[in-house]
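The chain is numbered in sequence order, starting from 1.
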Amino acid sequence: MKKVGTSTPTAAATETGPAGHPGAAAQGDGRTRHTVARLLLERGPITAAAVAEELGVSPTAVRRHLDVLVAEGEAYTRESSPRGRRGRGRPAKLYLLTESGRARFGHAYDDLAVAALRFIAENEGEQAVREFAERRMAALVAHHRDALVNARTPAERAEVLADALTREGYAASARSVGSGEQLCQHHCPVAHVAADFPQLCEAETAAFAEVLGTHVQRLATIANGDAACTTHVPTARLTDPGQSPDAEQTSAGSVPKDRQKTAPIPAGGESV
């Protein structure tokens, strides 16, 4: 009985590909490997022999695909339980998907997060969402605060922050521009959620200002459809991370905070 999204002839045909098409075999391999992975998802733990029987593909070909999935970290093996084993031979090897392997079939984490935040907003109010966003960012930067404390210049701190964000999955980089440093996040793990809840971006911007010890300006965000999240870090004397930028000592030519005027906030941006 064949159940895994393909008939026996199709699965078998994809092993070799039509004659005269050099790329067809590789393309067929990819389709068959995806089908093998789906069977592990739906039926695992499962033996290679059972996969071959289900798909109508040779056991040798199936083992080749399974070996590739294991080598790429998308599947792993374990021995079958002694119970129910027939004969004295070696225990059958069972194949299962790893979390990485499951990820190829997608998750609904974004939808779940949006639903959860919407529930919080409806039952506890917008302030509760903002507090959640602030606490999330505080926990993220706390792991890297020591490294930021040891960096003394704007360029150093921006570079340390970029490295920290990269380790958290944001693929960040920093570079010098004419008036300061530019921090770019080329990926945002929560972009789809932030599109509905901009409090996440606002809390992130505030956290950057706090750990960098200076006012920053958000120029673009992936959540708004931009190619990257871009934050401008002006060249200025920095306070220690953890000290509010407003608490900087007044230097020559600066204006005390109680006499400063805040520029109007542009659409989608931060005050400068």
Side-chain angles (χ1 to χ4, degrees), residues 1-8 10-17 23-86 89-117 136-137 139-140 142-144 162-173 185-194 200 222:
M1 195 178 209
K2 310 298 183 285
K3 306 177 185 175
V4 193
T6 182
S7 64
T8 302
T10 302
T14 57
E15 282 302 310
T16 56
Q27 186 177 12
D29 274 358
R31 287 196 298 267
T32 303
R33 191 165 301 136
H34 184 83
T35 304
V36 170
R38 179 172 289 281
L39 190 57
L40 266 59
L41 177 73
E42 297 175 353
R43 297 278 300 278
I46 189 172
T47 65
V51 173
E53 181 180 358
E54 185 78 13
L55 299 182
V57 178
S58 71
T60 300
V62 165
R63 288 190 177 89
R64 177 166 57 84
H65 290 300
L66 290 170
D67 287 345
V68 172
L69 290 172
V70 170
E72 294 179 349
E74 294 192 5
Y76 67 101
T77 64
R78 75 181 189 204
E79 291 184 353
S80 61
S81 170
R83 290 181 296 178
R85 188 190 306 165
R86 297 179 181 179
R90 296 177 60 183
K93 185 182 294 185
L94 299 174
Y95 290 84
L96 306 89
L97 287 184
T98 63
E99 284 302 312
S100 176
R102 290 175 181 275
R104 70 156 63 201
F105 297 99
H107 293 295
Y109 294 153
D110 287 350
D111 293 340
L112 178 63
V114 169
L117 288 176
R136 173 183 172 274
M137 282 307 303
L140 187 148
H143 300 298
H144 311 284
D163 289 343
L165 290 169
T166 295
R167 288 195 291 273
E168 299 291 344
Y170 288 83
S173 62
Q185 297 154 257
H186 305 283
H187 175 66
C188 177
V190 297
H192 294 298
V193 183
L200 295 174
I222 295 173

Presence of salt bridge, Arg43 and Glu54, under 4.0 angstrom: yes
His187: which residues meet the side-chain contact (heavy atoms from CB on, under 4.5 Å) condition with it, sequence neighbours left out? Ala171, Pro189
Could you please spell out the steps behind the side-chain contact (heavy atoms from CB on, under 4.5 Å) verdict for Arg102 and Leu41? CA-CA 7 Å; Arg102 290 175 181 275; Leu41 177 73; 3.6 Å; yes
Tyr76 meets the ring-ring contact (aromatic ring centres under 6.0 Å, His included) criterion, sequence neighbours left out, with none
Heavy-atom pair of closest approach, residues His65 and Val36: CB-CG2, 4.3 Å
Nearest-0.5 Å distance that lies between atom CG in Leu40 and atom CD1 in Ile46: 7.0 Å
Side chains of Leu94 and Glu79 in contact at under 4.5 Å (non-hydrogen atoms): no
Inter-residue atom distance Asp163.CG - Arg167.CZ, 0.5 Å rounding: 6.0 Å
Quick one: side-chain contact (heavy atoms from CB on, under 4.5 Å) partners of His34, sequence neighbours excluded? Arg38, Arg104, Phe105
Would you compute the distance between atom OG1 of Thr77 and atom CG of Asp67 and round it to the nearest 0.5 angstrom? 9.5 Å
Can you tell me how far the CZ atom of Arg33 sits from the CG atom of Leu66, to the nearest 0.5 Å? 9.5 Å
Give the intermediate values and the outcome of side-chain contact (heavy atoms from CB on, under 4.5 Å) for residues Val193 and Tyr109. CA-CA 10 Å; Val193 183; Tyr109 294 153; over 6 Å; no
Closest heavy-atom pair and its distance - Ala172, Leu165: CB-CB, 3.7 Å
For Asp110 and His192, which heavy atoms make the closest approach, and how far apart are they? OD2-CD2, 3.1 Å
Donor-acceptor pair, distance only, cut-off 3.5 Å: does the side chain of Thr98 make one with the backbone of Gly73? yes
Distance-minimising heavy-atom pair for Ala92 and Thr47: CB-CG2, 4.0 Å
Within-4.5 Å side-chain heavy-atom neighbours: Arg63 and Val51: no
Residues forming a ring-ring contact (aromatic ring centres under 6.0 Å, His included) with His186, sequence neighbours excluded: none
Run the salt bridge (charged side-chain N to carboxylate O under 4.0 Å, His left out) test against Arg78 and tell me which residues pass, sequence neighbours left out. none
Sequence neighbours excluded, which residues qualify as side-chain contact (heavy atoms from CB on, under 4.5 Å) partners of Glu168? Leu140, His143, His144, Tyr170
